[in-house]
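Before any comments, here is the structure.
Just follow the structure's listing: the first ligand is 1, and inside any ligand the first atom is 1.
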Amino acid sequence: MTIDINHIREDFPALHQLVYKRPLVYLDNAATTQKPKVVIETLVEYYSKQNANIHRGVHYLSQQATVAYEDARCLVQSFIHAAHSREIIFTRGTTESINLIASSFGKKFIKPGDEIIISALEHHSNIVPWQIACEDRQAILRVIPINENGEIITEEFEKLLNEKTKLIAIAHISNSLGTVNPVKEFIEIAHKRNIPVLIDGAQAVPHQGIDVQEMDCDFYCFSGHKMYAPMGVGILYGKEKWLEELPPYQGGGEMIKEVTFEKTTYNELPYKFEAGTPNVGDVLGLASAIKYIAGHGMENIHQYESSLLDYATKKLLEIQGLRIIGNAGIKAGVISFLVGKIHPYDLGTILDKLGIAVRTGHHCAQPVMDRYDIPGTVRASFAMYNTMEEIDVLVEGVKKAKAMLE
Ligand code: PMP
């Protein structure tokens, strides 16, 4: 099976619009993806017919919504190959998933003088929660450096490990440079010392098959909106043995077994970590997106996006003065670039007027930009619905902008 690109594009209404009288070329997929009709219809259907609060209601709608919500959990479980559905926690997104672990793990396991390791490639969402946890627990944040290509330096990582290291948190794929990190190797190294590893999978889940058991990560976090699902829903996967030990993140309805003023006992997994009325509609949208992706085959998507990356890299490098920031040996469909001395914001603004949506700036990874001593980059990031023709439009757009700005 291969990707039927015309068919896929038909599924995404947002792709068929004009921006400044030009056909939209949407290349900001690392920020968020557009949504296929099935996902949009799932939301309409849910709010038109099923909407009810779940788990507690005896009535028909509540029961229907509860079954659909728990079915979605099982679908996520099989999508990332988790051992149990109780290891799947619904959150607002990657950011909330990481904050949950930083807070709960921090409270339970981090003492003054302990260390947490992250890498120099991280998104702010995988930096700041750990800074907060370290400040709270008087612990120390250690950072693994990257090389000029934008790859984490494994030897430096090993040097940082010691008996005070309590947790390692690393991105699977860098959102700013596209580097695919050898997370399995890092996890193996960490586990030899019994150190748990959290993987920020926000940029990986839409682009390659994920098997959390094979990877053996302790926690894996991702967002629905970057994988064709609605905004406002995401996943925290955690190994049961850890989730059982961690204290709740938030208190409220749903996460309790019994409440008295003297003492409250907590619900079992996964509900212990899902306080309050859940985001049922968006969870069903996420389930719909997973079915959509799975229907096209993760391996097909991966291969197709790799061919987009190869083509775009080759074509962009033909432009004189263009340099790509981040040239890791293994990359996902993200290209960060600069042209001569042109400010990325100016380039992005002209591309926008040509109907081309790219991201400019630091991409919520300011330390990465500091590493290269640049204010930011222009970033084109691909999804399964992008085409080679769109890359040609991007390349022509960059040439035109260059001619205007230089
Ligand atoms: N980590 C990475 C690598 C990301 O790319 C992003 C989103 N840009 C996040 C974390 C945060 O995701 P969200 O804003 O959906 O919580």
* To do: Could you find the nearest protein heavy atom to atom 2 (C) of ligand 1 and give me its residue, atom name and distance?
  =>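 For atom 2 (C) of ligand 1, the nearest protein heavy atom is D200 OD2, 3.4 Å.
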* Measure the distance from atom 4 (C) of ligand 1 to every protein heavy atom, then report the residue, atom name and distance (to 0.1 Å) of the closest one. =>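 Answer for atom 4 (C) of ligand 1: H123 CD2, 3.4 Å.
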Should the ring pair [X] and [Y] be called parallel, tilted or perpendicular, given that the plane angle runs from 0 to 90° and is split at 30 and 60?
| X | Y | result |
| --- | --- | --- |
| F90 | Y69 | tilted |
| F105 | F109 | tilted |
| Y385 | Y26 | tilted |
| H362 | H124 | tilted |

* Keeping the roles fixed (side chain from S336, backbone from L177), state whether a donor-acceptor pair exists under 3.5 Å. => no
* To do: Spell out, as yes or no, whether a donor-acceptor pair under 3.5 Å connects the side chain of N386 to the backbone of F382.
  => no
* Asked: Would you say H225 has any N or O atom under 3.5 Å from an N or O of ligand 1, going by distance alone?
  ->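 Looking only at distances, the answer is yes, because the N/O contact criterion of under 3.5 Å is met.
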* To do: Would you check whether Q203 has a nitrogen or oxygen atom less than 3.5 angstrom from a nitrogen or oxygen atom of ligand 1?
  => yes
* May I ask whether K226 places a heavy atom under 4.0 Å from ligand 1? => yes
* To do: Examine ligand 1 and decide if any of its atoms is less than 4.0 Å from a heavy atom belonging to N126.
  =>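 Checking ligand 1 against N126, which is what was asked, there is no heavy-atom contact under 4.0 Å.
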Give the contacting part of [X] toward ligand 1: side chain, backbone, both or neither, where contact means a heavy-atom distance below 4.0 Å.
| X | answer |
| --- | --- |
| T95 | both |
| A171 | neither |
| R92 | neither |

* To do: Measure the spacing between CD of Q250 and CG of N99 and express it to the nearest 0.5 Å.
  => 10.0 Å
* Asked: Can you name the one residue among K164, K166, R142 that meets side chain to side chain donor-acceptor pair (under 3.5 Å) with E115?
  -> R142
* Asked: Atoms of ligand 1 less than 4.0 Å from T94 heavy atoms?
  ->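 Those of ligand 1 that fall under 4.0 Å from T94 are 10 (C), 12 (O), 16 (O).
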* Asked: Any idea which atoms of ligand 1 are less than 4.0 Å away from a heavy-atom of S223?
  -> 12 (O), 13 (P), 15 (O), 16 (O)
